[in-house]
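Scroll down for the structure; my scribbles are underneath it.
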Amino acid sequence: MTTGREQQLDRAAHILVQSRIMQTVSSRLAPDSRPATIEEAYILQKKVACLLGVEKTGWKVSPYGDGKSVAAPIFAADIFASGADVAHVTGIETEILLHLKADLPYRPTHPYDRAEICQAIDFYALGFELIQCRFSDDDQTILERLADCLLNRGLVIGAQQAFVKDGQIPSMLPELYRNDQPCSFRPNPIDPIASLHAYANSGGDQFGGLCAGQWVATGSMTGMEKACAPDRWRATLDGGLEVTVTLVG
């Protein structure tokens, strides 16, 4: 028997799905339909995926609390190779992406150490996380954003480099260009391994956790830049890393 709370979450899921399908922007979910816990936010992610009939093939991880992290799925149709043309984008973030060669199932009684996380990575790349704001209210809670897959529109993956050991990922900030002009940004140094490590030890999603073959976006080095068509974005990082995307429509 469906409970009143389940009905409220179902209504929220349908609103999120309609926003994605129709490319509309709403003000905010109704108060009684907003997720009250991380668990409810993850349930809404799963409901949206089921209603859309899509498969998760990647993750966006984000800090949440002291040494912990939350995650949102990135769907197969929203993962692009560098150089792609992508529509319906309102923001862009430059990130280090990590590719997994081994599963990292949640182990609440035996947390991973950093060395185990490194052993599960085979490639890394510079990438763009694409943002699409489906709600206009800036007062949304982190749980509302989490239910909306942390505002993710997609992932653009640049040239890959083999990951051999901890410490090899360039630690300097990237250079960012908009229509071939240098773009200033507020630097946000991150530790990509730490981001993945924090989520591997947090768990709780509805999709089966971190698995081999998935890409993980680990946090923006440039903050979120407002973006719109017809802009072309390019980012470079020492060591031959580069990624480009053109925004259309």
Side-chain angles (χ1 to χ4, degrees), residues 1-79 100 103-109 111-112 129-155 195-211 213-219:
M1 183 177 180
T2 303
T3 67
R5 185 56 181 158
E6 289 172 328
Q7 292 175 343
Q8 291 169 341
L9 294 178
D10 283 343
R11 285 197 296 271
H14 279 88
I15 291 170
L16 290 166
V17 166
Q18 284 300 111
S19 293
R20 285 174 174 269
I21 293 174
M22 303 303 295
Q23 299 299 328
T24 55
V25 178
S26 303
S27 59
R28 195 174 178 182
L29 290 172
D32 65 357
S33 297
R34 296 170 192 165
T37 63
I38 292 176
E39 291 73 22
E40 286 191 345
Y42 284 148
I43 288 170
L44 278 171
Q45 289 180 0
K46 186 67 172 180
K47 286 179 178 291
V48 168
C50 290
L51 288 168
L52 289 172
V54 293
E55 293 291 332
K56 166 209 48 92
T57 56
W59 290 104
K60 171 182 180 175
V61 298
S62 180
Y64 184 81
D66 186 18
K68 296 186 177 180
S69 187
V70 291
I74 302 172
F75 301 125
D78 298 328
I79 295 183
L100 299 178
D103 296 350
L104 290 170
Y106 182 41
R107 300 189 323 204
T109 61
Y112 292 96
E129 184 196 346
L130 307 177
I131 303 296
Q132 183 182 29
C133 295
R134 287 171 279 270
F135 294 93
S136 59
D137 195 325
D138 291 334
D139 291 332
Q140 290 181 88
T141 66
I142 181 61
L143 294 180
E144 290 174 80
R145 293 174 184 268
L146 181 60
D148 191 22
C149 295
L150 293 170
L151 310 184
N152 184 269
R153 162 66 181 94
L155 200 62
S195 297
L196 175 56
H197 188 191
Y199 182 64
N201 285 333
S202 295
D205 71 272
Q206 296 280 311
F207 293 90
L210 297 158
C211 299
Q214 295 173 347
W215 284 98
V216 182
T218 58

Below 4.5 Å, heavy atoms only, C-beta onward: do Cys50 and Gln206 meet side chain to side chain?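 No, too far: nothing below the 4.5 Å cut-off.
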
Check whether any side-chain heavy atom of Pro73 sits under 4.5 Å from a side-chain heavy atom of Tyr42, and report yes or no.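 Counting from C-beta outward, Pro73 and Tyr42 never come under 4.5 Å.
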
Would you compute the distance between atom [atom1] of [X] and atom [atom2] of [Y] and round it to the nearest 0.5 angstrom?
X      : Y      : atom1 : atom2 : value
Ile74  : Leu130 : CD1   : CG    : 9.5 Å
Leu44  : Gln8   : CG    : CD    : 11.0 Å
Arg145 : Arg134 : CZ    : CZ    : 11.5 Å
Arg5   : Ile43  : CZ    : CD1   : 9.0 Å
His197 : Thr218 : NE2   : OG1   : 14.5 Å
Glu129 : Leu155 : CD    : CG    : 7.0 Å

List the atom of [X], the atom of [Y], and the distance in Å for their closest heavy-atom pair.
X      : Y     : result
Asp137 : Arg28 : OD2-CD, 3.6 Å
Leu146 : Gln45 : O-NE2, 2.8 Å
Pro35  : Leu29 : CD-CD1, 4.4 Å

Donor-acceptor pair between Asp205 and Tyr199 side chains, under 3.5 angstrom: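 The criterion, which ignores hydrogens and geometry beyond distance, is satisfied for Tyr199 and Asp205.
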
Gln18 vs Thr24, side chain to side chain contact (heavy atoms under 4.5 Å, CB included): CA-CA, chis, key distance, verdict: CA-CA 8 Å; Gln18 284 300 111; Thr24 55; 5.6 Å; no

Test your reading of the model: is there a side-chain donor-acceptor pair from [X] to the backbone of [Y], 3.5 Å cut-off?
X      : Y      : result
Lys60  : Leu150 : yes
Tyr106 : Leu210 : no
Asp10  : Ala13  : no
Arg34  : Leu143 : no
Glu144 : Gln140 : no
Glu39  : Gly204 : no

For Gln23, look at atom CD and say whether over 12 heavy atoms of other residues, nucleotides or ligands are found less than 6.0 Å away.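 For Gln23, atom CD is crowded (more than 12 foreign heavy atoms under 6.0 Å).
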
Assess the residue pair Val54 and Asp78 against the criterion (side chain to side chain contact (heavy atoms under 4.5 Å, CB included)); give the C-alpha distance rounded to whole Å, side-chain angles, the decisive distance to 0.1 Å, and a yes or no. CA-CA 10 Å; Val54 293; Asp78 298 328; over 6 Å; no

Return all side-chain donor-acceptor pairs below 3.5 angstrom for residues 63-70, not counting sequence neighbours, or 'none' if the list is empty.
unit_1	atom_1	unit_2	atom_2	d
Ser69	OG	Ser62	N	3.3
Ser69	OG	Ser62	O	2.7

Could you give me the CA-CA distance, side-chain angles and deciding distance for Lys56 and Gln214, then say whether side chain to side chain contact (heavy atoms under 4.5 Å, CB included) is met? CA-CA 9 Å; Lys56 166 209 48 92; Gln214 295 173 347; 2.5 Å; yes

Can we say Arg11 and Asp32 salt-bridge, meaning some charged N sits less than 4.0 Å from an Asp/Glu carboxylate O?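 Salt bridge present between Arg11 and Asp32.
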
Verify side chain to side chain contact (heavy atoms under 4.5 Å, CB included) between Ile15 and Phe135, making sure each step is shown before the conclusion. CA-CA 11 Å; Ile15 291 170; Phe135 294 93; 4.3 Å; yes

